[in-house]
Structure formats: structure tokens, C-alpha cells
Amino acid sequence: MKVTDCLDNLSASSNDCQGCAILSNRIGGFALLSPVPSSRYDGVFAMRRPGEVFKFIESIEHDDPVVEVSNKLVGVDRRRSSFTESFLMPGAFNAILYQAKNRVDVRLVLDCKHAYDNREWGRNYCIEHLPQGALVSYSKRNDGRDPASSQDSFGEYDLFVAIHSPEGAFSKDERWLERDYQRDAARNSHPSKRHVFSALSVSAKSFTVGFGFTKAQAISSALKAWIAKDDLIRIEESRVMKWRGKLPDSTVLNNLAFACAANSLDCLIVGKKNVYAGLPWFFQSWARDSAVSAKGLAIIGRKDISRQILLDQVSKIVDGISLPVFFAGKEGKSAVNPALDGVLWTYFRLGEMLDEDPAVFTEEEISLISSKLSETIDRINTVMRDGLIYNGPKETWMDTEWGGDTRSGARIEMQCLALSAMRFAKKLGVPAPCESQLQKTTKAVFWNGKYLNDGKDDPTIRPNVFIAAYVYPELLTHNEWASCFDHVLPKLWLDWGGIATISKDHPLFTENSTGDDVKSYHRGDSWFWVNNMAAIVMRRTYLIRYKKYIDAILEASTKELLFMGAIGHHAELSSASHLSSEGCLAQAWSDAMYVELLASLFELA
């Protein structure tokens, strides 16, 4: 691994053969570039509509092995044994720019498909030459050899890929290749094998590849990206330079990590009021994740996006306690989920934003927020029993089930999120008569004299106490919070610098990530957004007392972000047994909480 001084040339690199990099065009398209395709999500994708993403390019290949991957922030370099290739995915273009120092011969390998469509049959490619390029037309047609249950999920569709280079030579390859996706197999994410199509051999120093849902879209994207390539590079350079040297009182490493996390989070923004939860497969805007990420967005200079996300979410609250969440389904439509914590996180971030800038919202917007908040507080009373807020199975951020563990019932962070919403309500002049009683009941029921239980009548030790402390520190005194952390940390602490999602001596604790099998997901796996949040909370509670934990978390998160997984992006989680990059390789709330952690530790310029 190596790092280049961010005052010279922002760059994070890895010579680990597993290292990969992610690019984004910030209109919903993205590229995941690996040395060798090891997942069916490697390649180049574009969005047709929210929650509905299509894959176009599997890989651009050469026989020389990749020995190093470098994230330059404005693009990605892959160093091979005999040459270096550079990739840029310009903003607002469904295209990718490929450049090498000298003329090279590469293969364009395609796997056109809806991102979640794993049907093998009825896939047809047609290649035609164009002046200074080529066009590949793809059609997916229903085929009786595919399982009947899969026919209606994605239907039939057409996709198009155009390649352009005035200097290039193009010849048809037209071979089917079988891929064995080792990363998918390791994650128990099936199918882990698939046939892809080697379409063209390309001989050129540089070329652009455009993709779209019509021939005109693909050809236009390739041509426009080629014509504007120099300007597009300058635009990208200007975009990332504003994060250079933002931590004057810190190290080169931390400055680079801040810039990388800021760039990663920025690349997950889609349009003016959406942020992807994560890449390569969480390409939806989730209320909970977006609200958690909102402060980080403001810190990196995207306050306008943060503001629009929160206002959009509050406007969509249904019956006080539900929010639409985009998901990739048959029609890419949004679904209303009973995710009360997503609603409450939205109010928490709105309150923070208003405290920081009393003029941030117009009178009309304040009226909307107040009206929705009043409705939420009224509805909260209907989900309260015995003076506490109850949630159903899998309705908290720990939204998976294993071994009967669903976290249904009254949960500590839900009470504190509700209390933070009531605190915000009082600032707006919205009646919140039950705050005082809820605070008393919560402490009486959850505080056992040493630490906070995870649930009513459930003394399980989990890191949700850090969420509680983050959103509603008024629940306990400083000394009581210190007692709580002193008792839970030995049960949750991982020596590499992380926090497990359940006590290490719990029967459900799983030390190695099980991937798509959710056994470990919330029962062992260490989530970077929670780790970074825990460090923030410990710093503001007793910095000296918890310095070793804070330093260890910062070191582990920085190492993962810069040199592991997707280089320059913060992954979703790690196995408990050792520091690793698992789950989604670029996760919004991991990035956001990391920049917030750095902002709390070092004075921002």
C-alpha cells in the first residue's frame, strides 16, 4: 500500500490483488473496477429510473495482470506489468473514458442485464461497425429455459453500448466466456458463475464507451464524452481539489482519508435530493441511511443536498411514522415501510441543521416540518405501551432475523430517537407533553445501574447504546454514560479497532462475516458507521479516558478506507475476527460518519 501527499496528487493505492475502485457519474451510473472480475457487480452500470440500474460493461481486459489499483479521485489507474491504464467516468455522462500512454490492445467484455437479473438464456448481442467506432445492440428476451419464476421479474428489454475513437481499430471477438465470481461465492451470494460476452478487440491509445437504453443515447454519450474529454477531466479535478488539506492540524494520511471519504460520499449523490445507500448493490435511497448521512454531506460542502434530502423526506412522511423507501423491484417503485427510526433520524438531523443556522429553512418549510412533527408525536402515542415505544420485527436498523433475533419490542435507540424528536418539537413550539415522562420511563426501564439494556427485559449488550448517546445525551449524566461505556466496551471491543454488533459471549455471536447469509450481519459483524459514531460519542464524553479506543477506531477506519476493499471508499462492515472490507464496498453512512469523526477530532479549514 502507498499514499501520495494530498497537497501534490491525491491518490490512494493498493497492490493487493483484491483491491478495486469505484467511479460514479452522479446521475445514477457507476463503475466498479477490479483487477480481475470477481463479482457479478464488477463493471459499468447506468440508472434508468430510481432503484432500477442496468449493467453494461463487464470489464476491459488485457493479458497482462493488474499489479496495482490507484484511486486518483478524478479517476482510477490500473497499473499492469507493461503499462498503466486510466479510467474516468465523467459527471452527468453515461460514458467511461479509457486512456493509456501508448497504443494498447484490449478486449471489451459485456454483460448487459438488469443489475439483479441473473437469467442465463435469451441474451442476444449484435455488433455493427460505425465510423470511428462500433455499436453493440443487446436484447433480453424471455426464454423457456430460464426458470418460470424469473420471467416476470424483469421482462424483456434492450440495451446499447457504443465505442468511439478516431485513432482506434475495432474487430469483432464474439466469444462467450464463463466467469467464476470468487467474491460472490465467498459471500454466499448466488449465482457465483455466469457467462459473459467478449464483444470486441480494440486497438487504441484512448477511447470512450457510451451506454444507454436507445442507440441514440449510447452513440451520443460516447461522442460527447470524446469531444469534451479534456474539459471533463478539468471539471473533475476542480471538484475534488476543494477537499484538499481540509485538516491543517492533522497528518497527510488523515487529510487524504478525508478527501477520499468526501469524494466517495459525493459520488453517491444522485440528482439534487438523493444519495445511494451504497455501491455496488445498494443503489437506492433509503430514508434511514440518507438521514444518518446528512450531516456528513453538509460537512463536505453539500449542505444544499443535505437540506433537500431532509426536506424531501419530511414531506413524504406517511401517517407520522412511515417513509417511502426506493427499492429495485419489478417496476422500480417506492414502497412505504414502517421504519419509524428513519422518520426520527430525519427530525434529528433537521434539528441539528436548524441549531447551526436558524435561517436555513423558509417560513413555509418550518411550517411543513412543524406540521409533520406534530403528526408524528401524535402517532407515537399509538405505538406506545407501558410508556415506551415499541417496534415490530426487523423495524430498526438491525433489520435482519436469525435464531429468533428480530429486535421487536421496546429498544433503547428508538426511545432516544423519539426523545430527540420531542426535544426538537419544543424548540419549534410544537407540543410534546410526553417527553419528560418518556425520559423518566426510559431510564427507569433500561438503566440497570451499570449500563443501558438493549431492550425492555433484554440485557443483551449491543452498540445501540452509542446511538442513544449520540442522539439524546440528556438521558444519562456524563458519569453514567462513562459507566455504560466501561461495561459494554469489554464485551463488544475487537482488538483490531472495531465494535461488534452483539456481545462476544452471546450464543448468536458470529466472528466471521457470512455475507448474503445474514447470520453474522447484526450478530457479530462490525459496522463502520457505528464504529465512527462510537468514537465521536466517546470523544465528547471523556476524550482522555477513551483515547485508546478512539485512536484504534480512527486507525482501523482509515486503513480500510484507503487501502482495502474499494480503494478510497469506506465499506459497509467488517468481520469481527479481523479488519476486512465486507458488505457494500462504498457505503454512504460509513463515509459520512468518518468525515464527521475527523471533523470532531481536527479543526476543519
Can you name the nearest heavy-atom pair linking [X] to [Y], along with the distance?
X: Val270; Y: Met47; value: CG1-CE, 3.7 Å
X: Trp496; Y: Ala576; value: NE1-O, 2.9 Å
X: Arg179; Y: Ser59; value: NH2-OG, 3.5 Å
X: Gly29; Y: Met89; value: C-CE, 3.8 Å
X: Ala261; Y: Tyr594; value: CB-CD2, 3.7 Å
X: Leu268; Y: Ala586; value: CD1-O, 4.1 Å

Mind checking the [atom1]-[atom2] spacing from [X] to [Y]? Nearest 0.5 Å is all I need.
X: Leu601; Y: Leu247; atom1: CG; atom2: CG; result: 9.5 Å
X: Leu256; Y: Leu562; atom1: CG; atom2: CG; result: 5.0 Å
X: Glu555; Y: Leu579; atom1: CD; atom2: CG; result: 9.5 Å
X: Lys394; Y: His522; atom1: NZ; atom2: NE2; result: 11.5 Å
X: Arg78; Y: Asp64; atom1: CZ; atom2: CG; result: 12.0 Å
X: Leu253; Y: Lys559; atom1: CG; atom2: NZ; result: 11.5 Å

Using the ring centroid of each side chain, check whether [X] and [Y] are separated by less than 6.0 Å.
X: Tyr98; Y: Phe87; answer: yes
X: Phe54; Y: Tyr157; answer: yes
X: Tyr276; Y: Trp281; answer: no

**Request:** Look at the aromatic rings of Trp589 and Trp397 and report parallel, tilted or perpendicular, splitting at 30° and 60°.
**Result:** perpendicular

**Asked** What is the ring orientation for Trp345 with Trp529, classed by angle as parallel under 30°, tilted 30 to 60°, or perpendicular over 60°?
**Response** perpendicular

Looking at [Y] and [X], is any side-chain nitrogen of the basic one under 4.0 Å from a carboxylate oxygen of the acidic one?
X: Arg40; Y: Asp111; answer: no
X: Arg194; Y: Glu58; answer: no
X: Glu85; Y: Arg80; answer: yes
X: Arg239; Y: Asp266; answer: yes
X: Asp231; Y: Arg234; answer: yes
X: Asp117; Y: Lys140; answer: no
X: Arg349; Y: Glu596; answer: yes

Is it true that a side-chain atom of [X] and a backbone atom of [Y] form a donor plus acceptor pair closer than 3.5 Å?
X: Arg523; Y: Lys519; answer: yes
X: Ser39; Y: Tyr41; answer: yes
X: Asp249; Y: Glu603; answer: no
X: Ser574; Y: His578; answer: yes
X: Lys55; Y: Tyr116; answer: no
X: Ser306; Y: Arg302; answer: no
X: Asn188; Y: Thr514; answer: yes
X: Ser600; Y: Leu597; answer: yes
X: Ser575; Y: Ser577; answer: no
X: Gln587; Y: Glu572; answer: no

**Request:** For the pair Glu560 and Ser581, evaluate side-chain hydrogen bond (donor to acceptor under 3.5 Å, both in side chains) and give the outcome as yes or no after the intermediate values.
**Result:** CA-CA 7 Å; Glu560 189 283 325; Ser581 295; 2.6 Å; yes

**Message:** Using side-chain contact (heavy atoms from CB on, under 4.5 Å), reason through Phe466 and Ile499 one step at a time and then give a plain yes or no.
**Reply:** CA-CA 11 Å; Phe466 293 105; Ile499 295 173; 4.1 Å; yes

Compare all side-chain heavy atoms of [X] with those of [Y] and state whether any distance is below 4.5 angstrom.
X: Phe207; Y: Ile60; value: yes
X: Asn255; Y: Phe602; value: no
X: Leu585; Y: Cys20; value: yes
X: Ile300; Y: Asp591; value: no
X: Val136; Y: Phe211; value: no
X: Lys113; Y: Asn118; value: yes
X: Trp527; Y: Met533; value: no
X: Ile299; Y: Phe258; value: yes

**Request:** Apply the test side-chain contact (heavy atoms from CB on, under 4.5 Å) to residues Ile233 and Leu97: give CA-CA distance (whole Å), side-chain angles for both, the deciding distance (0.1 Å), then the verdict.
**Result:** CA-CA 10 Å; Ile233 292 171; Leu97 170 63; 4.2 Å; yes

Please indicate whether [X] has more than 12 foreign heavy atoms, meaning atoms of other residues, nucleotides or ligands, lying under 6.0 Å from its [atom1].
X: Lys193; atom1: NZ; answer: no
X: Lys229; atom1: NZ; answer: yes
X: Glu356; atom1: CD; answer: no

Can you confirm whether the side chains of [X] and [Y] place a donor and an acceptor under 3.5 Å from each other?
X: Asp516; Y: Ser189; result: yes
X: Ser520; Y: Asp525; result: yes
X: Arg407; Y: Thr396; result: yes
X: Asn531; Y: Ser526; result: yes
X: Ser590; Y: His570; result: no

**Asked** Do Thr501 and Tyr521 pass the side-chain contact (heavy atoms from CB on, under 4.5 Å) test, and can you show the C-alpha distance, the side-chain angles, and the key distance before you say yes or no?
**Response** CA-CA 8 Å; Thr501 36; Tyr521 209 46; over 6 Å; no

**Request:** I would like to know whether Asn94 and Gln217 meet side-chain contact (heavy atoms from CB on, under 4.5 Å); could you show each step before the answer?
**Result:** CA-CA 9 Å; Asn94 279 323; Gln217 285 179 351; over 6 Å; no

